[in-house]
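To start, the structure under review is shown below, and the notes come after it.
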Amino acid sequence: MSAGTIPARPRVTIAGLADMRSQRQPIAMVTAYDYPSAQIAEAAGVDIVLVGDSAAMTVLGHESTVPVTIDEMLMLTAAVRRGLRTPLLVADLPFGSYEISDEQAITTAQRFIKEAGADAVKIERGGTSVERARAIVAAGIPVMGHVGLTPQTASTIGGFRAQGRTAEEAVAVFRSARALQNAGCFALVFEAIPSAATEAMMPLLHLPIIGIGAGPATDGQVLVFHDLLGIYDGHAARFVKRYAELREPMITAVAAYAEDVRTHRYPAPEHEYSMPAAETQLLIGLLPEPAHPGDAVSGITPSPATA
Ligand SMILES: Nc1nc(=O)c2c([nH]1)NC[C@@H]1CN(c3ccc(C(=O)N[C@@H](CCC(=O)O)C(=O)O)cc3)CN21
Ligand SMILES: CC(C)C(=O)C(=O)O
Ligand SMILES: [Mg+2]
């Protein structure tokens with residue numbers, strides 16, 4: 001069945017996500033960073049697409065999420081917008097783009113809505129981020145929170161490590177989650193939190209919780225596009241499940257192309273454009289005389305010795 005024959009799914013809304021939580025209908029979320037990955041997420045029928053600042057690592061090759069800029073994230077988000085219709089489009093606000101003041105947070109969030117077409121933004125952590133979330137929501141922009149392993153501040157939490165593994169730490173995660181809920185967030189990401197801790201918190205929260213490495217008790221799951229497709233070369237976290245191993249076939253395809261070029265198997269006749277024979281004859285008359293033997297071959301500058 002071609003995509004055109006499938007009836008259009010209604011757009012996913014924030015109210016619709018709340019309904020999914022109350023009806024215990026799991027929410028599927030995936031990251032995307034460009035037009036083709038957005039089209040794939042659309043065709044796959046996911047509920048939420050996140051333009052994650054993980055782009056810093058998966059797309060831009062940085063070692064953490066910290067270096068990605070607002071302008072880089074805007075460019076990626078705008079590309080995803082062009083490939084997406086149905087899922088809710090959430091954009092990560094990058095490190096340094098919302099922490100300074102409510103004014104900075106609102107200004108940055110507005111750019112993602114106005115310039116890139118995001119439906120909502122996501123910010124990390126409790127603490128001062130709770131006030132930022134409240135301010136952005138008050139400015140009319142939906143906010144998703146993110147607690148547990150917060151990669152933007154990995155250096156202050158001991159690296160890319162699970163959070164809330166002691167009762168005391170788990171209570172701190174819960175307090176952040178509850179504060180973000182009270183600040184008006186429409187959903188939260190729980191990242192790298194023991195399943196038992198997540199399970200204990202779920203009945204105490206009323207908004208959709210999307211987990212990544214937070215066990216099965218959450219209302220939904222999120223995975224990074226490149227991780228689930230097997231095209232990310234870096235270390236895979238414990239929570240990653242690979243649904244495909246696309247890196248090897250991609251390398252094989254590009255290597256086959258290079259080999260075809262080197263052995264003159266590409267391009268074949270079906271890849272060529274044709275020209276009427278009479279036009280070719282006319283062209284030869286119009287072009288300068290071919291070079292004489294010993295002259296420079298076209299495109300190659302003669303060396304002083306042979307010139
Ligand atoms: N490709 C990719 N996938 C991600 O899920 C992801 C990113 N990049 N970049 C931003 C953050 C970083 N994330 C990460 C990265 C590594 C681990 C990891 O390897 N953790 C170890 C140690 C856990 C522990 O001991 O507590 C693991 O084995 O899971 C976890 C989350 C999640 N996010
Ligand atoms: C892993 C998800 C939640 C994320 O924040 C990202 O991809 O940047
Ligand atoms: Mg992120």
Side-chain angles (χ1 to χ4, degrees), residues 27-34 37-38 41 46-70 72-73 76-77 80 88-99 108 112 118 120-125 129 143-166 169-170 173 177 180 185 187-195 197-198 208-215 218-243 246-247:
I27 298 164
M29 169 163 153
V30 69
T31 70
Y33 310 103
D34 55 15
S37 55
V46 301
D47 303 302
I48 308 176
V49 168
L50 172 70
V51 185
D53 58 353
S54 51
M57 298 167 72
T58 58
V59 175
L60 302 177
H62 294 296
E63 285 185 355
S64 81
T65 60
V66 167
V68 71
T69 67
I70 296 174
E72 287 167 340
M73 287 298 295
L76 301 178
T77 305
V80 168
L88 195 80
L89 172 51
V90 182
D92 262 344
L93 299 190
F95 177 77
S97 75
Y98 60 90
E99 297 90 337
T108 303
F112 279 85
V121 299
K122 179 161 78 59
I123 64 176
E124 291 188 6
R125 297 202 296 151
S129 291
V143 176
M144 180 181 276
H146 180 159
V147 298
L149 198 183
T150 48
Q152 292 179 4
T153 46
S155 57
T156 70
I157 60 172
F160 292 147
R161 304 198 64 80
Q163 301 295 305
R165 299 183 91 157
T166 66
E169 271 182 36
V173 171
L180 288 163
C185 287
L188 299 179
V189 165
F190 270 28
E191 178 165 350
I193 298 165
S195 308
T198 301
I209 308 292
I210 316 293
I212 175 166
T218 56
D219 302 300
Q221 299 290 332
V222 56
L223 271 184
V224 165
F225 187 83
H226 293 61
D227 289 341
L228 80 89
L229 292 177
I231 45 180
Y232 181 60
D233 199 21
H235 171 75
R238 180 178 177 82
F239 51 69
V240 171
K241 179 175 176 183
R242 290 211 191 288
Y243 290 85
L246 298 188
R247 190 179 139 80

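Just so you know, ligand 1 is whichever comes first in the structure, and atom 1 is the first atom listed for that ligand. The structure presented is a predicted model; accordingly, all values stated were derived computationally and were not measured.
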Say whether T58, considering both its backbone and side-chain N or O atoms, lies within less than 3.5 Å of an N or O atom on ligand 1.
-> no
For ligand 2, does I212 get within less than 4.0 Å through its side chain, its backbone, both, or neither, judged by non-hydrogen atoms?
-> side chain
By atom name, which N, O or S atom belonging to D53 lies closest to the Mg ion (ligand 3)?
-> OD1
May I ask you to identify, for M57, whether its side chain, its backbone, both or neither come under 4.0 Å of ligand 1 on a heavy-atom basis?
-> side chain
Side chain to side chain contact (heavy atoms under 4.5 Å, CB included) with D92: which of L76, V51, L50?
-> L50
Nearest-contact summary for atom 6 (C) of ligand 2 - protein heavy atom, Å = S54 OG, 3.3 Å
R165, CZ atom: more than 12 neighbouring heavy atoms under 6.0 Å = no
Report the part of L50 in contact with ligand 2, treating N, CA, C, O as backbone and CB onward as side chain, heavy atoms under 4.0 Å; options are side chain, backbone, both, neither.
-> side chain
Would you say ligand 1 has an N or O under 3.5 Å from any N or O of H235?
-> yes
Relative to atom 20 (N) of ligand 1, which among Y232, F160, F239 owns the nearest non-hydrogen atom?
-> F160
For ligand 1, indicate whether the residue P151 contacts it via side chain, backbone, both or neither (heavy-atom separation under 4.0 Å).
-> side chain
Going by distance only, is there an N or O of E124 that falls short of 3.5 Å from an N or O of ligand 2?
-> no
Considering only heavy atoms, does T31 approach ligand 2 within less than 4.0 Å through its side chain, its backbone, both, or neither?
-> side chain
Among the N, O or S atoms that D92 has, which is closest to the Mg ion (ligand 3)?
-> OD2
Any heavy atom of V240 under 4.0 Å from ligand 1? The part involved is neither
Please identify which atoms of ligand 1 are closer than 4.0 Å to at least one heavy atom of R161.
-> 24 (C), 25 (O), 26 (O)
Have a look at ligand 1 and work out which part of H62, if any, has a heavy atom under 4.0 Å from it: side chain, backbone, both or neither.
-> neither
Considering only heavy atoms, which of V59, V224, L228, D233 lies nearest to atom 6 (C) of ligand 1?
-> V224
Decide whether an N or O pair under 3.5 Å exists between Y33 and ligand 2.
-> no
Would a 4.5 Å heavy-atom cut-off, applied to side chains only, mark Q152 and S97 as touching?
-> no
Find all atoms of ligand 1 within a distance of less than 4.0 Å from any non-hydrogen atom belonging to L149, and give their numbers and elements.
-> 30 (C), 31 (C)
Atom indices of ligand 1, in the order listed, that fall short of 4.0 Å to a heavy atom of A162 | 24 (C), 26 (O)
Please say whether K122 places an N or O atom under 3.5 Å from an N or O atom belonging to ligand 2.
-> yes
State, with a plain yes or no, whether a side-chain heavy atom of M57 is found less than 4.5 Å away from one of T65.
-> yes
Close N or O approach (T65, ligand 1; < 3.5 Å) = no
Are S54 and Y33 close enough that a side-chain donor and a side-chain acceptor fall under 3.5 Å?
-> yes
